[in-house]
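All remarks here apply to the structure that follows.
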Amino acid sequence: MAVPSEARGAGGGKGLARPARGGSPPTQIRVRMAPSPTGFVHLGSARTALFDYLFARRQAGVFVLRVEDTDEARNQPHFETAIYEGLHWLGLRWEEGPDVGGAYGPYRQSERMDLYREAAASLLKAGAAYRCYCTKEELDAEREAARAAGRPYKYSRRCLTNPPVGRDQFTVRFQVPAGEVRWDDLVRGEVVFDLDTIGDFIVMRADATPLYNFSVAVDDARMEISHVFRGEEHISNTPAQLLILEALGHPRPTYAHLPVIVGQDRQKLSKRKHPETRLALYQELGYLPEAMVNYLALLGWNAGTEQEIFTLAELEEVFDIARVQRSSAMFDWQKLDWLNGHYIRQLSAEELAARLAPFLPELQPDVVRRAVPALQERLRRLADARELLEYLWTDPAAPDLEVADRDKVRAALAGLDGVAWEPEPIQAALDALREREGWSRNALFKPVRRAVTGRDISPPIHDTLALLPREEAFRRLSRVL
Ligand code: GLU
């Protein structure tokens, strides 16, 4: 890759001393996740974090969390908190970050401004960047002229060749060399970019704040990041970041651009169109973090075997970034539900009760515990328990039953008289009644269910009844008669 000759061996700027250009790559595995706290946590960010975490675990490396909060207008502290909460919910942890500290801090970009300014000064000194005094209006006019002429826009380099005099407001522009940039992407293989398509780009604004590609490259270098995993949408940023790293004399990290996640409509998951983009949704609906981790791992990766069920600990053993696919990963609710059902059924009754409790604040812990056997086999998501058990904390209106159904309820009342108020005796009493009268399950259970819950769907009828206090069950049955 061609670099302006003055830039060779640069990197002597204050605080930026590093081995000469192309110096030996970092020996320690250090990966980073670099979220911007400008909105809710994205499903794709959670996947990136998981892959970072697994790669670091597998290679005895370090996982760094770096908060990219330079967009003052859009950053919110609660979005940063949401990142920690979302990743902790998944069971991920990191060795370095704003919340845990570390030797390469600070870990918020807003606290690293001096480093970007130093790096920009060093690029200017080395001749790899230059001051651009063009005003917004002048640049808009250039862009407009390119558009009118039907050619892609590239900065004219006016300030490199013939800078206007008497101006003091400037941005710092990187001087893009001729040639091409290539890298071996762990997912996409060799990627080649023709530098002719990239105009000289701004690295520092006039207010001395860095642009995204600049702060990322400076931080990846300063934090000695060995591997950068991120979404495919960043692939077009990589050439600029590689140019900056090279001009500063830093070794390159290895890149892996992860495939996009698409919805069932085959469109890239977008905050606006796809509710499944928001990580917190899964917590709200009652997906278990175990299921979510398993599912995220399969979004673009497979073990190369038939195995699809993996705990986090198992993934730490088998995850291989080289097995990440290039083609997009399709989000599939059915598969997620299947995994969630699997993990729900794996829980002990005690554990499931504890996980259900936050979804059922209306119920006493012992009621939740008694409901578990009726729920464990049928729950898709923990929050589904609300609909199934709502009749326990509401008083559903008495349904208007037909005469034949009222007769069944009357018979059930008689059959349940004196029966111990537990699922098994209730079941035995109702079955005996059905057999005696020659009624199908549905014929008897449906009106009984509607009488006590007001609905057609509930846990098995004997559980449904036993979860209510006996007097309350009898009251609801009697009132439809
Ligand atoms: N702050 C960027 C983002 O949230 C980071 C991209 C990267 O990992 O380089 O998309």
Side-chain angles (χ1 to χ4, degrees), residues 4 7 10-11 13-16 34-39 66-77 79-80 106-146 152-177 195 197-223 230 233-234 236-248 250:
K14 190 164 136 263
L16 278 166
S36 303
T38 52
R66 178 172 80 222
V67 173
E68 307 214 315
D69 60 345
T70 51
D71 186 348
E72 272 178 50
R74 293 170 60 221
N75 291 318
Q76 303 268 351
F79 291 141
E80 185 180 319
Y107 294 93
R108 280 189 198 93
Q109 289 193 326
S110 59
E111 295 163 18
R112 300 175 63 81
M113 290 297 164
D114 288 349
L115 296 168
Y116 311 132
R117 287 169 199 152
E118 274 173 23
S122 131
L123 287 181
L124 284 170
K125 192 162 161 231
Y130 57 92
R131 292 182 177 81
C132 176
Y133 297 93
C134 293
T135 62
K136 179 176 177 307
E137 292 67 35
E138 288 165 343
L139 294 172
D140 285 349
E142 277 193 4
R143 214 170 278 119
E144 180 51 31
Y153 173 67
K154 257 172 82 171
Y155 175 59
S156 64
R157 288 197 160 165
R158 167 190 180 213
C159 287
L160 181 66
T161 51
N162 182 22
V165 288
R167 298 188 185 178
D168 55 4
Q169 286 279 311
F170 64 89
T171 60
V172 178
R173 250 186 216 280
F174 190 89
Q175 186 181 342
V176 175
L195 290 178
T197 58
I198 307 176
D200 291 352
F201 52 88
I202 297 174
V203 293
M204 291 292 268
R205 300 183 186 90
D207 65 359
T209 58
L211 273 98
Y212 162 73
N213 278 326
F214 190 53
S215 49
V216 166
V218 170
D219 286 346
D220 286 342
R222 298 288 302 229
M223 295 181 175
R230 58 186 173 199
E233 65 277 14
H234 283 289
S236 58
N237 291 319
T238 307
Q241 294 176 19
L242 286 171
L243 291 174
I244 294 164
L245 288 166
E246 179 138 10
L248 290 170
H250 292 300

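All figures in this text were calculated on a predicted structure; none of them were measured in a lab. Nothing fancy with the numbering, it's 1 onward along the sequence.
- In this view, Phe214 satisfies the ring pair (Phe, Tyr, Trp, His ring centres under 6.0 Å) rule with no residue, not counting sequence neighbours.
- Between the Asn213 side chain and the Gln241 main chain, no donor and acceptor come within less than 3.5 Å of each other.
- Here CD of Gln76 is found 10.5 Å from CG of Asp71. Values are rounded to the nearest 0.5 Å.
- Taking Phe79 as the reference, nothing meets the ring pair (Phe, Tyr, Trp, His ring centres under 6.0 Å) condition, with sequence neighbours excluded.
- Shown here for Leu243 and Phe174, the closest heavy-atom pair between the two residues is O-CZ, 3.5 Å.
- Using a 4.5 Å cut-off on side-chain heavy atoms (C-beta onward), Asn237 and Tyr212 make contact.
- Note on residues 114-136: pairs passing ring-ring contact (aromatic ring centres under 6.0 Å, His included), not counting sequence neighbours, are Tyr133-Phe170.
- Remark: side-chain polar atoms of Arg112 are paired, donor with acceptor, to backbone N or O of Pro106 under 3.5 angstrom.
- Across Thr209, Leu115, Asp219, Val218, a single residue satisfies side chain to side chain contact (heavy atoms under 4.5 Å, CB included) together with Gln109, and that is Asp219.
- For the pair Thr38/Asn75, a side-chain contact is recorded, criterion being any heavy-atom separation below 4.5 Å from C-beta on.
- Leu123 contributes atom CG, which lies 12.0 Å from atom NZ of Lys125 (distance to the nearest 0.5 angstrom).
- No donor-acceptor pair under 3.5 Å is formed between the side chain of Asp200 and the backbone N or O of Tyr155.
- Side-chain contact between Cys132 and Ile202: absent, with no pair of heavy atoms (C-beta onward) separated by less than 4.5 Å.
- Residues satisfying the salt bridge (charged side-chain N to carboxylate O under 4.0 Å, His left out) criterion with Arg230, sequence neighbours excluded, are absent altogether.
- Considering only residues two or more places apart in sequence or on other chains, Arg131 meets the salt bridge (charged side-chain N to carboxylate O under 4.0 Å, His left out) condition with none of them.
- Under 3.5 Å, the side chains of Glu142 and Tyr153 contain a donor-acceptor pair of N or O atoms.
- Taking the side chain as every heavy atom from C-beta outward, Asp220 and Arg66 approach each other to under 4.5 Å.
- Annotation: side chain of Pro210 is in contact with side chain of Met113 (closest heavy-atom distance under 4.5 Å).
- The distance from atom CD1 of Ile198 to atom NZ of Lys154, rounded to the nearest 0.5 Å, is 9.0 Å.
- Among residues at least two apart or in separate chains, salt bridge (charged side-chain N to carboxylate O under 4.0 Å, His left out) pairs with a member in residues 159-176 are Glu138-Arg167.
- Pairing each heavy atom of Leu245 with each of Ala221, the nearest pair is CD2-CB, 3.6 Å.
- From Leu139, atom CG reaches atom OG1 of Thr171 across 7.5 Å, with rounding to the nearest 0.5 Å.
- A salt bridge links Arg108 to Glu80: one of the charged nitrogens lies within less than 4.0 Å of a carboxylate oxygen.
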